Number of protein chains: 2
Amino acid sequence: MERKFNRGPAMRDVARAAGVSAQTVSRVLSNHPNVQESTRQRVMAAADELDYRRNNMARALVTGRSKTLGVLTLATNNYSRSSLALGVELGAREAGYTVNSVTSGLSAEALTGAVSRLVNQGVDGIIIAAPLRDAASTVRRLTMRVPTVNTDGSSGISDGLVGVDQDLAAVLATRHLLELGHATVWHVAGPEDWSDSAARLGSWRRTLEEAGREVPPELHGDWSPESGYRNGLVLGRMPEVTAILVASDEMAFGVIRALSELGRRIPEDVSVVGIDDIDLAAYSNPPLTTVRQSFEDTGRRAVTHLVELIANPGMDNPPDLAAPVLVVRGSTAPPPAA
Amino acid sequence: MERKFNRGPAMRDVARAAGVSAQTVSRVLSNHPNVQESTRQRVMAAADELDYRRNNMARALVTGRSKTLGVLTLATNNYSRSSLALGVELGAREAGYTVNSVTSGLSAEALTGAVSRLVNQGVDGIIIAAPLRDAASTVRRLTMRVPTVNTDGSSGISDGLVGVDQDLAAVLATRHLLELGHATVWHVAGPEDWSDSAARLGSWRRTLEEAGREVPPELHGDWSPESGYRNGLVLGRMPEVTAILVASDEMAFGVIRALSELGRRIPEDVSVVGIDDIDLAAYSNPPLTTVRQSFEDTGRRAVTHLVELIANPGMDNPPDLAAPVLVVRGSTAPPPAA
DNA sequence: GTACATTCTGTTATGGATAACAATCATAAG
DNA sequence: CTTATGATTGTTATCCATAACAGAATGTAC
């Protein structure tokens, strides 16, 4: 009845082997200053010999810090999710934290359930990378006890907001198209309840208005390439459409595909600008003009902020928005001569 | 000197409020059978009133199970990583586990360090989605105590291997191109030390040999679109190249881009097949013929396996390989008439 | 009414580490 | 030589929940 996997040795076992108290072992492993060199070496040798590994849960229990961060993302596999998650991982590792990831659907129950799991898990801080919508108040109650950073401002939680200046992103893209000579710019927006999406939409509209251009009705997708394709099938049928700002590169791929199928050439007939600059944007056909925003960087900054917030709970916590950059490639050109 | 974030109430606080012992609270929360209904309700009310949440770490400490799975991925943001991670999350949630994610570079130190962090964190099981190469033996030592599943067989750990039949994937792709009438098929492989990559390479070669075709020298990329582009610049200069099997869709995008820039039309001049069927494959220009393998599904299956292994440490654990499917789209066609 | 099983609840020990305090020893200062 | 000071190590209490055991209360069988 031998178990294949058993608990390893505990600190007291190391202590016994080294002929010291458990506390001394703890001191050695935590690099406390006042330990005699010879003792340190004996303890290290014993720990090594027994292949001892400190039990982080016991440690967390007594210190009250788990050295773990929770990150909540949506359960969809898009570029922004995965690169943000990667940034969080990397940032957390550098800061000496491990990451507990949970995913959730968009419903209020799913979101609060996910946050709840993180809180129960005893994380020291939480990064929420999802629009909370009507789950906002419930989640805020849950996170009373845990420092929290958001990467989506739609919940109205501007405290601890880390992200990219979406207003600027849309301005850059829209202006680029206008400067090329297009009369106006159409917009395939993201879902209405994402703050990023709403910010881009508002800013696109404002830019057109300020330039005294007609503001065409906006279309909406759900970030998926397929939704871009659907919207592209609509826009491609309208000859007056010569410039389109698509709220994400992934949707832009779909838009371009649909336009191509309808016989509209990119960029000769229609110019398309995406947002994000995903890895594949430079390698599409034609290469995609887009507005770069690094989600990985956002993830890292979220961690940095969160770690500061953990160390200093009462601190000021103004929004931290990075500036996106326009990347001009082959999918934009002056409008066809009428 | 008021702390903004403090520990919440403990079980004893709930017990006091409900006028029972802590053990009874524990029983109520764990749905033990022998608790009187009136007591249960009083406890529930008290817990609710105090907004009590059970401390999972204390729980894990005494039960010896953290209900947490660790997953190790590489610190690169490609499609396979993120969709596998998503599958793991979803599977874990369904199985009642939370996920601890760590990323690592390819070096032996980074890999062992990452696994080490997971073990220290007290996870109940580990999913390794990275080629271990020379870190294999060290890692195996580390995972003696923790049930482990691999999604890459290069480490020689075929025990607990979950993935997709890569031999079949390459066979399907290669045969498809041969059946279209191409004289032979060129291959842009992945990095040499990934087992997936090696399996595809071997199987591509075997398929050509069995068909009595010339086996051209293979090229290697690193899974990135950029590496595909570089290889494409080479292949596009050779007029005899009419069919290319690229080991991942992301590299295939790069290959196609390079071929286009060199004036070779897809699929009229050159046919290209990818592997993976990423979300964007259907929306590229032209849509990409590829071999579909669901990494998300692999992640889920890895969790299922792992959970079984945790419950039954001594169990048989043969490789579990899913069958990939050929998806024909617009990037393949018969060779140009010579 | 006695003997025994069941149901419900409480008490104590435990998991593995660290904080706070106490004790010892050596060295420096007076 | 005495006292203060600092370095080094050990002891005890604690974090929070659960397992194992124990006790009380109720019901059942004869």
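Residue numbers start from 1 in every chain, and the chains themselves are labelled A, B, ... in the order their sequence lines are given, proteins ahead of strands. Worth knowing before you read on, the calculation uses all heavy atoms, side chains too, and leaves out hydrogens, waters and symmetry mates. Because the structure is a prediction, the values reported are computed rather than measured.
Taking 4.5 Å as the limit, some side-chain heavy atom of A:Thr73 sits within range of a side-chain heavy atom of A:Val71. Counting only heavy atoms from C-beta outward, the side chains of B:Arg93 and A:Arg117 approach each other to under 4.5 Å.
For the side-chain contact (heavy atoms from CB on, under 4.5 Å) test with B:Val139, the passing option among B:Asn150, B:Leu132, B:Val119 is B:Leu132; the others fail.
Between B:Arg145 and A:Asp51 there is a salt bridge, since a side-chain N of the basic residue sits under 4.0 Å from a carboxylate O of the acidic one. Salt bridge absent: B:Asp297 and B:Arg300 never bring a charged side-chain N and a carboxylate O closer than 4.0 Å. In summary, B:Asp124 and B:Lys67 do not engage in a salt bridge, as defined by a charged side-chain N under 4.0 Å from a carboxylate O.
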Next on the checklist: For a quick check, with a 4.0 angstrom heavy-atom cut-off, what is the B/S/- contact string for nucleotides 13-23 of chain D, read 5' to 3'?
Outcome noted: -BBBBBBB---

Please produce a list of atom pairs where a protein N or O lies less than 3.5 Å from an N or O of nucleotides 4-7 of chain D.
none

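The residue A:Ser21 sits close to a base: some heavy atom pair falls under 4.0 Å.
Straight-line distance from the NZ atom of A:Lys67 to the P atom of C:dA17: 18 Å, rounded to whole Å.
In terms of heavy atoms, B:Met144 sits closest to B:Arg141 at CG-O, 3.1 Å.
A donor atom on one side chain and an acceptor atom on the other are not found under 3.5 Å apart for A:Ser82 and B:Arg81.
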